[in-house]
Amino acid sequence: MDILSNLALGFSIALSPWTLMLAVIGCFIGTIVGALPGLGPSNGVALLIPITFSMGLDATAALVLLTSVYYGAMYGGRISSILLNIPGDEPAMMTTLDGYPMARAGRAGDALVISGVASFVGALFATIALALVAPMLARVAYLFGPAEYFALYLLAFSTLGGIASKNQAKAALASAIGLGIAMIGLDNSSGFPRFTGGNLHLADGVDFLVAIVGLFAVSEVFVFIESHGKGSAIGVKLDRVTIPWRDIWVTRWTMLRSSVLGFIAGVLPGAGASLGSFLTYMMEKSIAGPKGGFGTGVVKGVAAPEAGNNSAAGGALVPMLTLGVPGSGTTAVLLAVLMTLNITPGPTLFANRPDVVWGLIASLLIANFVLLLMNVPLVKIFVKVLSVPANLLLPGVMMVSFVGIYSLTGSYFDLLLMVAFGVMGWLFRKLDIPTVPVILGILLGNAMENNLRQAMTLSNGEWQYLFSSGISITLWSAAVLGFVAPLFLRRIIKRPATPMEAMGEHEGTPPPKQRTD
Amino acid sequence: MRGATRVNLSKGKGDRLFGVVVVLGALAYANAALNLQVGFLTDPVGSKTFPLLVAGVCLICGLVMVLKPDPDPKFPSGATWGLMAVAVLTLVAYAYMLKPLGFLLPTTVAAAILSYLIEPRAKFAALAGIGLSIGLFVLFRFVLGLGLVGLPRGL
């Protein structure tokens, strides 16, 4: 078995005390980041990237740390969903639907434990599936030429925009803006500057880390200034946490089904964890039927989305590692990590750097067990984090962003650019324009253009070459379908009530008694 | 889907305005692309095609936003716009000051202002500024080993 020897290699790297320590630290920071409302996996990883690099960690160590943060944040997102009815991050939104009613009914501890176990099942399934599927997909990826890659990038943009957003025009605009920003700098085939306006600072192009930290972290501060810190930092106390073995047993099939579906949703380029939790919740809701009582605080309603989104988080790593196309916002950020480390994702990664791939997979497996321990018996530590007030937390986030970018680039110009991206992120969020496609555009823009140019050079300028292979035709069709289909599906499938609406339904009942002492 | 609301021009102002900005930006971008310097040896696609495609997509999307705007979000009130402007100015000043003045002083001031903007509690904000500045300096300089300069070089 190839996989076993590969895993053995991975564990020989991941089990060193240094890597193990980084994984534990990453899990801890990640869970905190995930639990804090307003900071999700993408912000968390984005904030830490510049710092990680300034510390001079090597490739494997940096990857282990940052992916542990990623997995940790996926676990942590549920904590504020359940206790505050505020999703700690977007994928945890579905967890509010049953998690918060459970907390109101005095079962906050049970909900946290069940969702923690569900997260573990989902993430473990996904990591194992990743180890099995990724090498296979990597072999398929060898068949990809420039025309296929161009179509694949297009597919990523169209599904990311199509499925994840409410307005196709805005999603497409976000992608195009990102691609447009990527063009800034020296043209790598002619060597002449493009769109720099004569500014020397822009000759190297816009650093994607600056854009990521600006859009994901700095913009958060403006959001909080606008809301005056409302909706965060409510003092929450949790009485005691016991393990509801019966409930966990009852949800075993829910967890497994959701893990499988979530993984598939994660692998699809552009779809990601939010779709995973949405689909799994809807699936379990329809399996249970009206008698299932979904939305009133049932354990399956907590287990399904958590297994789903954690499994999708692992699934999203598959296209990122094998094709270099991220399946979600956070994997886009992780792609930025790889690119900064000079690691080119794709099929060659599996052949040339097995230490990176398998070290990563092994450390994900380890991170899962660490996270289960942190999130079930030790969950009370993270609940305390929720009481950090916004007027301390957000200035802190801002200062960390500045230090990170400054220590990485040492340029005031990049700091100004970061602030500009922060303002842009706030405005886009206000207008409901997704920001993840912008990041994806900046990350993939140059590769996309290069592939187009290479394809055209290979074919001597024949445009038909772009549609000449079976793979590229499939990808083009999927891209068109992924962009157009949601226009129609959106009328048929109604999204379930958002947390706010769900809260409205309970207006008659008294507010939950969260301070138990 | 939202056909009934679209007759009223005052609805969806945000989207319309932004759409106009996008259209103008796309035209400017396309113009810049057309005037790009091109080398002697070029491939069939060249340096201009891809940027022009991107500008085209932006143009279409901008037009769609002008013609079919979504309902407006809740925009902040006048006072809040002022607060956000102060925040941006603070951050810009911080970006310029970080190098000449070192980490500690600008960070204390900037963090305190941001904290005050989020929630106007002066004492808390001042303490948050001092605490964050010292705490983060210790963390970055001594725990993570980043080369931060604490105070202005003259001191």
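Proteins get letters first, then strands, A, B, ... in listed order; numbering begins at 1 in each. Predicted model only: the values in this text are computed from it and were never measured.
To the nearest 0.5 angstrom, A:Arg194 atom CZ is 11.5 Å from B:Lys48 atom NZ. To the nearest 0.5 Å, the span separating CG on B:Leu36 from CE on A:Met183 amounts to 11.0 Å. Put simply, CG on A:Leu179 and CG on B:Leu53 are 10.0 Å apart, with the number rounded to the nearest 0.5 Å. Considering CG of A:Asn167 and NZ of B:Lys68, their distance stands at 8.0 Å, rounded to 0.5 Å.
Looking at B:Ala110, the atoms closer than 4.5 Å to chain A (heavy atoms on both sides) sit in the backbone and in the side chain alike. Proximity to chain B (any heavy atom under 4.5 Å) is shown, for A:Leu393, by neither the backbone nor the side chain. Looking at A:Met398, only its side chain comes within 4.5 Å of chain B, counting heavy atoms on both sides. Contacts between B:Phe124 and chain A at a heavy-atom distance below 4.5 Å involve the side chain alone, from C-beta outward. In this structure, chain A has heavy atoms under 4.5 Å from both the backbone and the side chain of B:Thr107.
Listed here is the closest heavy atom pair of A:Gly410 and B:Lys99: O-NZ, 4.1 Å. Here the shortest heavy-atom pairing between B:Ala111 and A:Met399 reads N-CE, 3.8 Å. Residues B:Gly46 and A:Glu449 come closest through the heavy atom pair O-OE2, 4.2 Å. Of all the heavy atoms in B:Ala87 and A:Ile225, the pair that sits closest is CB-CD1, 3.5 Å.
The closest side-chain heavy-atom distance from B:Leu98 to A:Tyr406 is below 4.5 Å. Taking the side chain as every heavy atom from C-beta outward, B:Ser47 and A:Arg453 approach each other to under 4.5 Å. In this structure, B:Asp72 and A:Lys430 have side chains that are not in contact, with every pair of non-hydrogen atoms separated by 4.5 Å or more. Residues A:Asn446 and B:Phe50 are not in side-chain contact: their nearest non-hydrogen atoms beyond the backbone lie 4.5 Å or more apart. With a 4.5 Å cut-off on side-chain heavy atoms, A:Leu415 and B:Tyr96 do not count as touching. Proximity of A:Tyr412 to B:Met97: side-chain heavy atoms (C-beta onward) are nowhere separated by under 4.5 Å. The shortest distance between side-chain heavy atoms of B:Asp15 and A:Lys170 falls below 4.5 Å. With contacts defined as side-chain heavy-atom distances shorter than 4.5 Å, the pair A:Leu173/B:Val22 qualifies.
Top candidate by heavy-atom pairs under 4.5 Å with chain B, chosen from A:Val218, A:Ile51, A:Leu392, is A:Leu392. Comparing A:Val419, A:Val423, A:Ile433, A:Val403 by heavy-atom pairs within less than 4.5 Å of chain B, the highest count is held by A:Val403. Counting heavy-atom pairs closer than 4.5 Å to chain B, the top-ranked of the candidates A:Ile405, A:Val400, A:Leu394 is A:Val400. No other option in A:Asn460, A:Leu416, A:Thr457 has as many heavy-atom pairs under 4.5 Å with chain B as A:Leu416. Put simply, of A:Gly180, A:Ser407, A:Gly461, the one with the most heavy-atom pairs under 4.5 Å next to chain B is A:Gly180. Of all the listed residues (B:Leu117, B:Leu127, B:Leu91, B:Leu114), the one sharing the greatest number of non-hydrogen pairs under 4.5 Å with chain A is B:Leu91.
Two rings, from B:Phe18 and A:Phe428, have their centers less than 6.0 Å apart.
Applying the side-chain contact (heavy atoms from CB on, under 4.5 Å) test to A:Ala61 and every residue at least two apart in sequence or in another chain returns A:Trp18, A:Leu22, A:Leu57, A:Asp58.
Remark: side-chain polar atoms of B:Ser115 are paired, donor with acceptor, to backbone N or O of A:Asn391 under 3.5 angstrom.
Of all residues in residues 56-64 of chain B, those placing a non-hydrogen atom less than 4.5 angstrom from a non-hydrogen atom of chain A are B:Val57, B:Cys58, B:Cys61, B:Val64. When the heavy atoms of residues 23-33 of chain B are compared with those of chain A, the residues falling under 4.5 Å are B:Tyr29, B:Ala32, B:Ala33, listed by number.
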Distance-only criterion, 3.5 Å: show the donor-acceptor pairs between side-chain atoms of residues 130-142 of chain B and protein atoms not counting sequence neighbours.
residue: B:Ser133; atom: OG; partner: B:Leu104; partner atom: O; Å: 3.3
residue: B:Ser133; atom: OG; partner: B:Thr108; partner atom: OG1; Å: 3.1
residue: B:Arg141; atom: NH1; partner: B:Leu148; partner atom: O; Å: 2.9

